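Worksheet for the structure shown next.
No experiment lies behind these values; they were computed from the predicted model shown. In each ligand, atom 1 is the first atom listed, and ligand 1 is the first ligand listed.
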Amino acid sequence: MLTVDTTQVKKSIALPYEEAMIPRLKIAHEWLQSGTGAGNDFVGWVNLPRDYDREELSRIHAAAARIRSDSKALVVIGIGGSYLGARGVIECLHSANYNLRRKDTPNIYFIGNSLSSEALHETMELIGDDDFSVNVISKSGTTTEPAVAFRFFRELLEKKYGREGAARRIYATTDKARGALKSMADAEGYETFCVPDDVGGRYSVLTAVGLLPIAVSGVDIDALLAGAGEMMEKCRKADLENPTWQYAAARTQLYKNGKKIELLAAYEPRFRFMAEWWKQLYGESEGKEGKGLFPASADFTADLHSLGQYIQQGERHLFETVVRFAPSEHQCLVPKSDTDGDGLNFLAGRSLDFLNEQAMDATLLAHVEGGVPNIVIRLAENGARAIGATVYFFEYACGLCGYMLSVNPFDQPGVEAYKKNMFALLGKPGYEDMRAELLAKLGR
Ligand code: PA5
């Protein structure tokens with residue numbers, strides 16, 4: 001279903017690094033499996049595909065069916081781990097043009113992931129007079145961006161359907177007991193879904209956080225979970241046959257060898273938001289205590305025409321992880337031209353998949369030659385099952401890598417700094433002294 005090819009990494013590293021890393025991999029693996037490492041309160045995702053609350057899963061199916069039947073649009077309000085996974089999976093399994101292409105399921109708008117007036121206004125405009133529902137997602141229930149956006153859409157719903165009617169169209173995904181969103185949901189009677197205590201935001205795509213919007217889009221979430229479950233079983237193996245061990249060993253060794261940036265690339269534009277999800281997963285899990293690979297992403301071949309120059313000849317501090325998809329269902333064959341004005345008749349009858357493959361191989365050879373090692377991740381199929389497996393693969397490898405780096409892969413203490421400053425500048429009660437200090441620093 002998913003294989004890791006590190007041939008090109010092994011060529012660039014003389015020593016048998018995988019074997020040398022086995023002792024550290026074993027410890028990290030044991031910590032994840034037994035829940036005995038740092039941040040062990042947040043390893044609920046490890047067995048989630050097996051232990052998923054079946055009652056909640058059937059409520060997710062029922063809510064998705066209801067939204068599909070009574071709404072032309074679903075507004076998904078959330079930020080970071082509370083939206084990236086859902087958007088990644090929906091776009092990857094449908095298209096970045098999901099809203100234009102799908103006519104049988106509601107349009108899905110992601111909002112509350114910025115403080116942009118333009119984005120908010122545009123979403124309201126796009127919804128227009130359409131019937132819509134809202135899925136507000138916040139584990140803490142207090143994050144500013146989604147909380148503010150929710151005010152706007154709640155008001156819109158209440159104006160359109162009245163308070164009770166609005167309450168029937170609001171689905172809140174949050175902590176089972178704590179937080180402002182949970183209190184509001186209980187008071188107003190919104191249907192709620194739970195973000196388990198032991199699953200942090202960036203590891204939550206296979207909970208209701210991701211599953212409800214994904215199910216609304218028409219993706220088979222049972223297949224998604226089944227694929228994740230198959231990968232979970234593979235990841236139980238404590239040896240180098242485990243694909244996450246291969247990936248974790250390669251990227252850890254490359255980091256040790258001075259590569260500071262990992263560029264996740266795919267030759268499929270619909271992978272873009274999966275890469276955004278991956279960036280949060282790895283950036284928040286590893287980037288702490290002055291350590292960690294910087295996770296970046298690229299869309300090839302498009303970015304070969306922008307970042308390509310730097311990748312080939314710029315500073316040699318990066319490596320690439322390239323996700324290769326299985327062949328497309330749509331065989332687009334290059335047409336033959338009578339005049340051959342563009343000189344492309346040598347490609348006539350070839351599929352775009354063939355061209356894409358050649359571009360992948362050509363780029364791999366050029367970049368490796370230029371000092372950019374490549375890890376290749378191959379998907380044997382493209383459907384929900386494979387993407388479920390891919391999600392779990394990256395999550396498990398991330399946990400391993402964090403432990404191998406000797407950091408807690410499940411906290412994010414650094415995210416608080418800007419939030420505190422923002423609260424102070426916004427005039428939140430309790431932040432008065434800090435506000436004066438910050439304004440002085442800003443020279444105001
Ligand atoms: O990974 C994380 O914990 C964060 O990115 C959160 O997902 C993000 O800040 C949103 O938090 P919440 O779901 O509490 O609104």
### Query
Can Arg168 be said to sit on top of Tyr161's aromatic six-ring, NZ or CZ under 6.0 Å from centre and within 45° of the ring axis?
no
### Summary
Within the 4.0 Å heavy-atom cut-off around ligand 1, the contacting residues, ordered by chain and number, are Ile79, Gly80, Gly81, Ser82, Ser138, Lys139, Ser140, Thr143, Gly201, Arg202, Gln280, Glu284, Gln412
### Message
Which residues pass the salt bridge (charged side-chain N to carboxylate O under 4.0 Å, His left out) test with Lys288, not counting sequence neighbours?
### Response
Asp411
### Query
Looking at Arg202 and Trp277, what are the two nearest heavy atoms and their distance?
O-NE1, 3.8 Å
### Tyr109 ring center within less than 6.0 Å of Phe132 ring center
no
### Query
Is Arg87 salt-bridged to Glu276, cutoff N-O under 4.0 Å?
no
### Sub-4.5 Å side-chain heavy-atom contact between Tyr396 and Tyr247
no
